[in-house]
**Student:** 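Following this message is one structure expressed as structure tokens.
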2 protein chains.
Amino acid sequence: MQYQTGRKSSQPDKRGEILQAAATQFAENGFAAVSIRDLARAVNTTPAALYHHFSGKEAIYRATLEFVFSDKARATSDLAKGQEAPEVMLERLIVWLTRQFSDNPIMTRLLQRELLTGDKERIKLLTKEVVAAPFREIESLMRRLAPDHDDTLSAVSVLSLVLGYVELTPVLEEMTGQPVTHERDMAFANHASHLVLQGLSPQPDAGKVQ
Amino acid sequence: MQYQTGRKSSQPDKRGEILQAAATQFAENGFAAVSIRDLARAVNTTPAALYHHFSGKEAIYRATLEFVFSDKARATSDLAKGQEAPEVMLERLIVWLTRQFSDNPIMTRLLQRELLTGDKERIKLLTKEVVAAPFREIESLMRRLAPDHDDTLSAVSVLSLVLGYVELTPVLEEMTGQPVTHERDMAFANHASHLVLQGLSPQPDAGKVQ
DNA sequence: GTAACCTTACTGAACGATCGTTAAGCTAAC
DNA sequence: GTTAGCTTAACGATCGTTCAGTAAGGTTAC
């Protein structure tokens with residue numbers, strides 16, 4: 001195979017192309033199982049060429065995370081800016097979260113891998129750049145919606161429902177015998193919305209809990 | 001370092017010792033990031049010695065999964081054998097699930113890694129050996145507890161809540177600034193129990209949903 | 001206008017380290 | 001004497017990384 005050489009002969013954004021391929025491979029196989037040569041092959045270049053754009057494998061991985069997670073946190077705040085009743089906003093939020101996860105499998109898998117790897121420093125970054133802002137939005141929404149409950153616990157429940165569903169998807173497919181379609185995702189999102197709405201809103205006939 | 005040689009000089013269950021060390025390392029770092037030499041070092045032996053007990057790295061990994069997951073499915077059925085009201089049983093179940101996950105980090109991380117890796121065949125095995133039985137128990141419990149709802153969706157919600165909470169634990173620690181203690185786990189379990197109980201049980205004042 | 005030079009974006013080749021695995025030999029228990 | 005349970009040594013493959021060189025563009029000097 002012939003590689004191109006010289007300056008302007010290459011694509012305008014080789015770095016972005018590398019990161020896209022790296023995201024796909026790291027998401028699928030994890031950091032250790034992806035070699036520099038795998039990445040080079042995926043973008044039709046040589047291992048050494050990658051060292052022109054990045055200082056090493058770790059640097060590629062870090063840049064990949066930034067590439068995939070950047071601006072992910074911003075979208076939730078738009079969701080929260082709506083003027084509707086909090087009940088409507090919660091349902092919209094859960095549907096949106098579910099769709100985000102199932103429509104972006106690469107981002108989702110990288111997120112799950114980062115949560116699993118547990119490196120203190122990277123978790124800190126992930127929290128700050130991706131999770132914190134949406135989490136605070138959900139907390140404040142739940143504070144309005146379920147004033148009787150600890151808002152942190154309520155927010156954790158909402159996030160857990162969606163994240164856990166995504167995590168369970170493969171066994172769910174195996175157990176039901178049918179693939180998890182977009183419709184199934186939405187059915188769960190509706191179920192979860194109802195669950196949280198009825199489960200945490202103040203109940204007139206029951207004594208206050210906690 | 002001197003290795004022992006000969007037949008009975010070694011420990012009675014070297015195989016079990018290897019699997020225990022393998023479980024720890026595979027859970028922590030994943031399959032690709034653990035080398036045969038790492039495993040050998042952890043049990044004070046040589047790489048070649050491992051090939052006396054197992055046919056290769058893959059075989060060690062498979063045996064490790066079996067070692068860690070065996071009999072995990074049985075315990076739920078004991079939970080479900082209780083004669084108490086389904087409300088009590090659900091709470092007990094959620095508390096027990098939460099404790100299982102947080103008390104067995106190695107099992108939990110291996111489970112999460114298996115869910116993530118997504119190899120069709122291993123997911124099938126994981127489903128059959130670990131998830132299926134508890135899931136069916138939860139389904140039947142939810143059928144009694146929330147007859148108005150799809151029992152599969154209800155069971156998924158219960159499992160998602162606990163599994164998602166465990167998955168979120170690292171960012172939760174980072175965000176609250178304090179470690180997730182046993183008490184915090186139980187606080188979440190109680191919160192989740194209340195959520196599911198009030199969220200899915202039939203509501204006299206509301207029209208049937210779905 | 002063009003020759004000289006610099007910079008960018010690569011190339012092929014190789015470095016030492018580590019990978020999973022195997023072969024051959026030894027020792028102690030049965 | 002057989003065999004289980006190791007040992008040391010080494011195999012070829014692959015790993016992340018580096019190095020010297022090269023081709024194509026842009027910039028500057030004349």
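Within every chain, numbering begins at 1; the chains are lettered A, B, ... in the order of the sequence lines, protein sequences first and strands thereafter. Computed from a predicted model, the values in this text were never measured in an experiment.
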**Student:** Using whole Å, what does the distance between atom P of nucleotide D:dC15 and atom CD of A:Gln25 come to?
**Tutor:**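 After rounding, the reported distance stands at 11 Å.
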**Student:** How many whole angstroms separate atom NE2 of A:His52 from atom P of D:dG21?
**Tutor:**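 About 18 Å, once rounded to whole Å.
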**Student:** Using heavy atoms to find the nearest nucleotide of DNA chain D for A:Asp38 and A:Ser55 separately, return the residue whose nucleotide is more 5′.
**Tutor:**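 Nearest nucleotide further toward 5': that of A:Asp38.
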**Student:** Judged by modelled atom types alone, do B:Asp185 and B:Thr98 share a side-chain donor-acceptor pair under 3.5 Å?
**Tutor:**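 Their side chains do not contain a donor-acceptor pair, so the 3.5 Å distance test is not met.
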**Student:** CG of B:Asn44 versus C1' of D:dG5: gap in Å, rounded?
**Tutor:**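 Distance check: B:Asn44 CG to D:dG5 C1' gives 16 Å.
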**Student:** Quick one: is C:dT18 close enough that its OP1 or OP2 comes under 4.0 Å of any side-chain N or O from B:Ser35?
**Tutor:**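 No, because none of the side-chain N or O atoms of B:Ser35 sits under 4.0 Å from OP1 or OP2 of C:dT18.
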**Student:** Can you confirm whether B:Asp151 sits close enough to B:Ser140 that some side-chain heavy atom of one is under 4.5 Å from a side-chain heavy atom of the other?
**Tutor:**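 Not in contact.
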**Student:** Is any side-chain N or O of A:Thr45 closer than 4.0 Å to OP1 or OP2 of C:dC10?
**Tutor:**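 Checking C:dC10 against A:Thr45, no side-chain N or O comes under 4.0 Å of OP1 or OP2.
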**Student:** Please report the distance, rounded to the nearest Å, between CD in A:Glu17 and C1' in C:dA9.
**Tutor:**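 Distance, rounded to whole Å: 14 Å.
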**Student:** Please state how far atom CG in B:Leu50 lies from atom P in C:dT22, giving the value in whole angstrom units.
**Tutor:**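 Nearest whole value for this atom pair: 13 Å.
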**Student:** Distance-only, no hydrogens or angles: does the A:Lys57 side chain make a donor-acceptor pair with backbone N or O of A:Phe31 under 3.5 Å?
**Tutor:**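 Checked: pair present.
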**Student:** Taking atom types as modelled, find out whether B:Glu139 and B:Ser154 have a side-chain donor-acceptor pair closer than 3.5 angstrom.
**Tutor:**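 Looking only at side-chain atoms, B:Ser154 and B:Glu139 do not form any donor-acceptor pair under 3.5 Å.
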**Student:** Grab the OH-P distance between A:Tyr51 and C:dT11 for me, whole Å please.
**Tutor:**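 Nearest whole value for this atom pair: 15 Å.
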**Student:** Nearest-Å distance, CZ (A:Arg37) to C1' (C:dA17)?
**Tutor:**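 Distance, rounded to whole Å: 12 Å.
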**Student:** Closest approach to the side chain of A:His53, judged atom by atom: which nucleotide of D:dG5, C:dT11, C:dC10 is it?
**Tutor:**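 Ranking D:dG5, C:dT11, C:dC10 by closest atom to the A:His53 side chain puts C:dC10 first.
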**Student:** To the nearest Å, give me how far apart CD1 (B:Ile36) and P (C:dT22) are.
**Tutor:**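 About 11 Å, once rounded to whole Å.
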